[in-house]
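What follows is one structure encoded as structure tokens, with my remarks underneath.
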Protein chains: 2
Amino acid sequence: MIKTASKQHSCPHDQGISCSNCRLSSICLPLALEREEIVQLDDIVQRGRPLQKGQHVYREGDTFQSIYAVRSGSIKAYSVSDNGEEQVTGFYFPGEIVGMDGIGQNRYANSAQAMDVSAICEIPFSRIEELSVKLPTMQKHFFKLLSQEIVEDQRHITLLSKNSAEARLASLLVSISARHARLHLSAVSFRLPMSRSDIGNFLGLTIETVSRVFSRFAKQELISVSNKDVTVMDIAALRKLANLAE
Amino acid sequence: MIKTASKQHSCPHDQGISCSNCRLSSICLPLALEREEIVQLDDIVQRGRPLQKGQHVYREGDTFQSIYAVRSGSIKAYSVSDNGEEQVTGFYFPGEIVGMDGIGQNRYANSAQAMDVSAICEIPFSRIEELSVKLPTMQKHFFKLLSQEIVEDQRHITLLSKNSAEARLASLLVSISARHARLHLSAVSFRLPMSRSDIGNFLGLTIETVSRVFSRFAKQELISVSNKDVTVMDIAALRKLANLAE
DNA sequence: CGTATGCTTGATCAACGTCAACTAAGGTGG
DNA sequence: CCACCTTAGTTGACGTTGATCAAGCATACG
């Protein structure tokens, strides 16, 4: 693989980057991987051209081959149930990994679609398996990654099972805010990449309810909303509404 | 480890059994593990005395060390959210694995509690990691296991997000029936090990709603219920109600 | 500039939750 | 072994939240 010279503060869509100097590596590779190990991972990661909004990373039912790290932009994952209804199962931001649902059945259980222009790193799973056998740290990392997705999904189950529309939306806003902060972006002002319909679908609510709750939050001056742009004005109140510990 | 002589059709609570001759191994170890490999796994697996009803396998927050295969009985997993409410995240029957939520944080994210007298096999995770490095088949198996739990949880998200009380309960009944069948038990008549309250909690419903839906199903002669004993009379209708493909 | 699409807001409705009373089942001590 | 008590489950009446239906508005795109 040919790599162009990479600079320290590169453009997020830049392809001439390696895991070693990727500013996301602390999220993507939270383990204390040795420099040596990262170099080996680098060799298997494939960085393609950015996806346009609406393009799919993979589709439900496709043969599973790779997992993907989001480098820039944002991805939504969704599945279609037997009766043809869509269920949005997750939103993924830079540093996060999609596609792990495919491992079990050798077929993706979800489709993954770009909500913005997005750059992704493809990591062929067979190579991960090989590397994991050689590098126990790497194996541990991927076991952890999978386990964390389980815990995330269970949190979402709790959200849907126990919480009101307000709590659900508050929870999503808090989560997105925190993930922006982790990326050293503003935790206060951000643009939601997804539609109201995606939000509703993800949270088990109708688009009308989502809209109403946004309006209510705005009226209570917890946030200000203008279309997809949100400014969080009272994160503590949102956390409280979301039933999260202080 | 000392193993007593094992017979072919052993008692489910019997401790003198090994993976090699366990009738659950096709569920627990669906991979084409070589006999040689199973023997190595056998050496890791610890089989303790059965748990009494109500006893915990582990508790949320405990340091993660092992995953557990259910040998007999049934286990429920639940977590307590920040506001103190319980959420039942899963029911586990023989051949199924609990505890994988602990890998990511080195702490269990759920508590696991026996709903009946239950026998479990403890599998220390560090040993799995070691073995997985030596046996790629084993590594693959555990990657798959984790991934399948993700897919399961996502199905449950869809259930909670999109389906009515009737669909949710129908879905649970179909699932339990199928899992009984897999164990070569009756898919038609079975005893529910969990309380109405656990069912409601798992399905995001109140106990009253669960009770009413049971009664409605009985009146429509889809099932007959007597306390915890259920007989499925029209599985096709239940599948339809659950929005499952024929 | 006009049309399509996404979003908001209002009015009404239904599903499920809440509250309450009652019944059945299981467990314990006399 | 039975009587009592506790806990689990059922059923009914009523209330609330969020879905549905419908109309209008804003934004984006050709």
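Order of the sequence lines fixes the chain letters, A, B, ..., with proteins taken first and strands second; residue numbering starts at 1 for each chain.
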- Query: Does NZ in B/K53 sit with more than 12 non-hydrogen atoms of other residues, nucleotides or ligands closer than 6.0 Å?
  - Reply: no
- Item | Neighbour count above 12 (heavy atom, 6.0 Å) for A/K162 NZ | yes
- Name the orientation class of the two ring planes belonging to B/H156 and B/F202 (parallel below 30°, tilted from 30 to 60°, perpendicular beyond 60°). parallel
Ignoring hydrogens, what is the shortest heavy-atom contact between [X] and [Y]? Give both atom names and the distance.
X	Y	value
A/E166	A/V213	CA-CG1, 4.0 Å
B/N110	B/Y58	O-CE1, 3.2 Å
A/R168	A/L205	NH1-CD2, 3.7 Å

Please state how far atom [atom1] in [X] lies from atom [atom2] in [N], giving the value in whole angstrom units.
X	N	atom1	atom2	value
B/R216	C/dA15	CZ	P	9 Å
B/K53	D/dT7	NZ	C1'	12 Å
B/R168	C/dA15	CZ	C1'	10 Å
B/L203	C/dG17	CG	P	11 Å
B/L205	C/dA15	CG	P	14 Å
B/R191	D/dG9	CZ	P	11 Å
B/K219	D/dT10	NZ	C1'	12 Å
A/D229	D/dT27	CG	C1'	13 Å

- Query: Touch check for B/G200, heavy atoms < 4.0 angstrom, all strands: base, sugar-phosphate only, or nothing?
  - Reply: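 Since no nucleic acid heavy atom lies under 4.0 Å of B/G200, the category is nothing.
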Closer than 3.5 angstrom, by distance alone: can the side chain of [X] be matched with the main-chain N or O of [Y] as a donor-acceptor pair?
X	Y	answer
B/S177	B/L173	no
B/D198	B/K76	no
A/E60	A/V80	yes

Scan nucleotides 5-14 of chain C against the protein and return all N/O pairs shorter than 3.5 Å with their distances rounded to 0.1 Å.
from   : atom 1 : to     : atom 2 : distance (Å)
C/dC7  : OP2    : A/R196 : N      : 3.3
C/dT8  : OP1    : A/R196 : NH2    : 3.2
C/dT8  : OP2    : A/R196 : NE     : 2.9
C/dT8  : OP2    : A/S211 : OG     : 2.8
C/dT8  : O5'    : A/S211 : OG     : 2.9
C/dT9  : OP2    : A/S215 : OG     : 2.3
C/dG10 : N7     : A/R212 : NH1    : 2.8
C/dG10 : O6     : A/R212 : NH2    : 3.3
C/dA11 : N6     : A/R212 : NH2    : 3.4

- Query: When the C1' atoms of the five terminal pairs at each end define the local axes, what inter-axis angle does the helix from C/dC1-D/dG30 to C/dG30-D/dC1 show, to 10 degrees?
  - Reply: 50°
